[in-house]
Number of protein chains: 2
Amino acid sequence: MNVDAYDAMDTKATPAPVMGCCAPLDAPQLSAEEAVATAALFKALGDPHRVRIVNLLAVAAAPVCVCDLTPSLGITQPTVSHHLRKLVDAGLLIREQRGTWAYYALDHVAMRRLAGVATLTGDSS
Amino acid sequence: MNVDAYDAMDTKATPAPVMGCCAPLDAPQLSAEEAVATAALFKALGDPHRVRIVNLLAVAAAPVCVCDLTPSLGITQPTVSHHLRKLVDAGLLIREQRGTWAYYALDHVAMRRLAGVATLTGDSS
DNA sequence: CGTAAGCATCGACGTTCATCGATGCCACCA
DNA sequence: TGGTGGCATCGATGAACGTCGATGCTTACG
């Protein structure tokens, strides 16, 4: 059954970044792999703190370090690192180490891919 | 703290459909309420089965009943109802009762709102 | 070389979630 | 009116998640 196809799929943490999820939601005959990849993409944004992180990075012109993110979010530093990891694993964020500091920035290619998935091609109503 | 603002917010099941989440991810100063609403929208699509449901309804010209959805998904009927409820609560699906059968269809207004949230306005890179 | 600071990881805890079988409710039909 | 079938709900179970404090690692600075 299809449920077995899902179980055999790689849904664990820290695999390769979410790839192969470029088909829009109204693509004909969306495969099980595409469904898993697409769900992983949306799942990464299924937390309010992660939405705020993406928002903060989207409005920021330059990459932002964790030391600036943490006070803006009102959660502890380990939790911020946890969320950042989820977003990096999903391929939405890019991490850059500058000496002691870790800077994060949006992956605009991935964001465009997200918009492409969420946008229905045959939208008429 | 902001974490308290999240806790005081309505995140339970079966509230009013997800509203007030029209701001794109790169809107300046995204509020905590908007972050919660946006996350709820993405969270509804954070499951492979729900992605496939949306896909099936997107390619279908007419509303689809649960009896047709269940064999296509390969999961039991209670689980299908569970996922459909999540999507209806998120405001993405519309339920219509026709005698014994329950028909579901995409809410195209909500889908356009989703595309608007996922699309960055100042996309240049 | 020792100390401080930024960040990731670990272990733990409580909550949420996906899934199923069993059951209940309602519409339809003979 | 009794039976059948479609669908939602309930209760249980195992897995995943968000959060935190504690800890470890690496870099920078006296």
Side-chain angles (χ1 to χ4, degrees), chain A residues 1-7 9-15 32 35-36 39-40 42-53 63-90 93 95-104, chain B residues 1-7 9-15 32 35-36 39-40 42-53 63-90 93 95-104:
Chain A
M1 295 303 171
N2 296 335
V3 68
D4 297 328
Y6 290 145
D7 295 343
M9 216 146 285
D10 195 358
T11 319
K12 312 303 294 181
T14 325
V36 170
F42 285 127
K43 194 175 193 177
L45 289 169
D47 181 276
H49 289 137
R50 290 199 285 269
V51 168
R52 288 202 70 197
I53 289 175
V64 182
C65 81
V66 183
C67 59
D68 288 334
L69 245 37
T70 303
S72 299
L73 294 171
I75 51 181
T76 63
Q77 173 266 319
T79 305
V80 174
S81 278
H82 166 72
H83 287 309
L84 288 171
R85 189 186 207 304
K86 292 271 188 169
L87 291 169
V88 170
D89 287 345
L93 262 51
R95 194 188 113 104
E96 179 190 356
Q97 187 90 24
R98 297 187 193 171
T100 308
W101 295 272
Y103 281 77
Y104 288 86
Chain B
M1 297 303 172
N2 295 334
V3 67
D4 297 329
Y6 290 146
D7 295 344
M9 215 146 285
D10 193 4
T11 319
K12 310 305 292 182
T14 325
V36 171
F42 285 128
K43 195 175 195 177
L45 290 169
D47 182 276
H49 289 137
R50 288 199 285 269
V51 168
R52 287 202 71 197
I53 289 174
V64 182
C65 80
V66 183
C67 58
D68 288 334
L69 245 36
T70 303
S72 299
L73 294 171
I75 50 181
T76 64
Q77 173 266 319
T79 306
V80 174
S81 278
H82 166 72
H83 287 309
L84 289 170
R85 180 167 169 59
K86 292 269 188 175
L87 291 169
V88 169
D89 287 346
L93 261 52
R95 195 188 112 105
E96 178 191 357
Q97 187 90 24
R98 297 187 194 171
T100 306
W101 296 272
Y103 281 78
Y104 288 84

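Naming: A, B, ... by sequence-line order, numbering from 1 per chain.
For the pair B/L87 CG and D/dC7 P, the interatomic distance rounds to 16 Å; values are reported in whole Å. Look at CZ on B/R52: it is 17 Å from P on C/dA18, rounded to the nearest Å. Separating the CD1 atom of B/I75 from the P atom of D/dA8 is a distance of 13 Å, rounded to the nearest angstrom. Distance CG (B/L84) to P (D/dT9): 11 Å, rounded to an integer number of Å. Between the C1' atom of C/dA5 and the CD atom of A/Q97 lies a distance of 13 Å, rounded to the nearest Å. Nucleotide C/dT19 holds its C1' atom 10 Å from the NE2 atom of B/H49, rounded to whole Å. Atom CG of A/D89 is separated from atom P of C/dA8 by 12 Å (rounded to the nearest Å). Rounded to an integer number of Å, the gap from B/L45 CG to C/dA18 P is 12 Å.
Closest to the side chain of B/D47, out of C/dA18, D/dC7, D/dA8, is C/dA18. Listed nucleotides: D/dC20, C/dC7, D/dT9. Nearest to the side chain of A/C65: C/dC7. Side-chain proximity of A/R50 to C/dA8, D/dG18, D/dC20: nearest is D/dG18. In the set D/dC7, D/dT19, C/dC7, D/dC7 carries the atom at the smallest distance from any side-chain atom of B/Q77. Closest to the side chain of B/S81, out of D/dG6, D/dT9, C/dG6, is D/dT9. The side chain of A/T79 sits closest to D/dC20 out of C/dT19, D/dC20, D/dC7.
Listed pair B/Y104 / D/dA8 meets the phosphate criterion, a side-chain N or O lying under 4.0 Å from OP1 or OP2. For C/dT16, the OP1/OP2 oxygens have no side-chain nitrogen or oxygen of B/K43 closer than 4.0 Å. Taking only side-chain nitrogens and oxygens, B/T76 comes nearer than 4.0 Å to OP1 or OP2 of C/dC20. Distances shorter than 4.0 Å separate none of the side-chain N or O atoms of B/R85 from OP1 or OP2 on D/dC7. Regarding contacts with the backbone of C/dA18, a side-chain N or O of B/K86 is found under 4.0 angstrom from either OP1 or OP2. A/H82 has no side-chain polar atom (N or O) that falls below the 4.0 Å cut-off from OP1 or OP2 of D/dC17.
Within the nucleic acid shown, B/H83 comes within 4.0 Å of sugar-phosphate atoms alone, with no base atom in reach, counting heavy atoms only. Within the nucleic acid shown, A/R98 has no heavy atom closer than 4.0 Å to any nucleic acid atom. Counting non-hydrogen atoms under 4.0 angstrom, A/R95 reaches the backbone sugars and phosphates but no base. B/Y103 comes within contact range of no nucleotide atom at all, as no heavy-atom separation falls under 4.0 Å.
Take B/T100 and apply the side-chain hydrogen bond (donor to acceptor under 3.5 Å, both in side chains) test, not counting sequence neighbours, and it matches no residue. Applying the side-chain hydrogen bond (donor to acceptor under 3.5 Å, both in side chains) criterion to A/T70, with sequence neighbours excluded, gives no partner residue.
Between atom CG of residue B/D68 and atom OH of residue B/Y103 there is a gap of 7.0 Å, rounded to the nearest 0.5 Å. Summarising the geometry, atom CZ belonging to B/R85 is positioned 10.5 Å from atom CZ belonging to B/R95; distances are rounded to the nearest 0.5 Å. A distance of 7.5 Å separates NE2 of B/H82 from CG of B/D47, quoted to the nearest 0.5 Å. Between A/R52 atom CZ and A/L69 atom CG the span is 9.5 Å, to the nearest 0.5 Å.
With hydrogens and angles disregarded, a donor-acceptor distance shorter than 3.5 Å links the side chain of B/Q97 to the backbone of B/G99. Remark: the backbone N or O of A/A44 is paired with a side-chain donor or acceptor of A/R50 at under 3.5 angstrom.
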Run B/L73 and B/H83 through side-chain contact (heavy atoms from CB on, under 4.5 Å) and show every step you take. CA-CA 11 Å; B/L73 294 171; B/H83 287 309; over 6 Å; no
So which protein nitrogen or oxygen atoms get under 3.5 Å of nucleotides 24-26 of chain D's nitrogens or oxygens?
none

